[in-house]
Amino acid sequence: MAKPDYTLIFIVEDDEAYAAAIRHSLERKNYMNVKVFGNGEDCLAHMHLKPEIILLDYMLGEGHMDGMEVLRSIRKIDEDVQIVFLTSVDKLEVATNTIKAGAYDYVVKSEAATERIRNVLRRIIFEYHIKKENRLLRKSRRVIIGLIVVLALGIVLLGMLQILR
């Protein structure tokens with residue numbers, strides 16, 4: 001059994017049954033921190049929770065912001081959250097526009113969508129861990145260089161003290 005993954009994932013989907021199916025699929029794969037919102041406005045109201053990934057429906061129903069509007073609003077709040085569009089719209093132009101607007105990926109709703117979503121999530125989480133590790137390595141390198149400089153200065157000062165005696 002895989003260990004639990006507590007990455008905060010938002011599902012923004014107006015079809016309650018489809019949202020429940022995705023959530024169930026993710027929880028079966030040990031994604032333990034999944035929150036579902038029926039519209040973009042509710043999602044935006046909860047951005048203070050700092051989700052790492054948002055699965056966003058492209059068409060969110062009458063009277064609500066559409067997925068592209070939600071994406072633009074999210075980007076004003078958080079540039080780092082990864083957004084994956086879920087949609088029944090299978091058009092290359094729409095997919096291209098969502099990616100250009102800042103989406104990580106575009107998944108067409110189909111029988112294979114849940115598996116594709118899980119693959120995209122694994123890729124996002126893997127990339128996140130690589131970036132985090134790289135940041136830690138850069139920080140460690142700066143600390144080590146700082147220590148070397150301090151040690152070198154200490155050695156120079158000790159040498160100067162020896163000369164002055």
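All values below come from the heavy atoms of this structure, side chains included, with hydrogens, waters and symmetry mates left out. These numbers come from a predicted model, not from an experiment.
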Determine whether M65 and E41 make a side-chain contact, defined as any pair of heavy atoms from C-beta on separated by less than 4.5 Å.
yes
Just one of I11, I9, L49, V12 clears the side chain to side chain contact (heavy atoms under 4.5 Å, CB included) bar with K35, so which one?
L49
Closest heavy-atom pair, Y128 versus R135, reported as atoms and distance to 0.1 Å, is CE1-NH2, 4.5 Å
Between E13 and K109, is the closest basic N to carboxylate O distance under 4.0 Å?
yes
Quick one: are I125 and Y31 in side-chain contact, heavy atoms under 4.5 Å?
yes
Qualifying salt bridge (Lys or Arg N to Asp or Glu O under 4.0 Å) pairs with a residue from residues 111-124, counting only residues at least two apart or across chains
D105-R116, D105-R123, E115-R118, E115-R122
After noting the C-alpha distance and the side-chain angles of D5 and N30, does the key distance pass the side chain to side chain contact (heavy atoms under 4.5 Å, CB included) rule?
CA-CA 6 Å; D5 186 316; N30 289 322; 5.6 Å; no
Please confirm whether F10 and H46 have ring centers closer than 6.0 angstrom.
no
Just so I know, are the side chains of V84 and L55 near enough to count as touching, which here means a heavy-atom distance under 4.5 Å?
yes
Candidate pair S88 and V108, rule side chain to side chain contact (heavy atoms under 4.5 Å, CB included), full reasoning
CA-CA 5 Å; S88 56; V108 176; 5.9 Å; no
Determine, for E127 against K131, whether the closest basic-nitrogen to carboxylate-oxygen distance falls under 4.0 angstrom.
no
Please examine the side chains of L60 and D57, heavy atoms only from C-beta on, and report whether any two atoms are closer than 4.5 Å.
yes
Min side-chain heavy-atom separation M47-I74 under 4.5 Å:
yes
Parallel, tilted or perpendicular for F85 and Y58, by the 30°/60° rule?
perpendicular
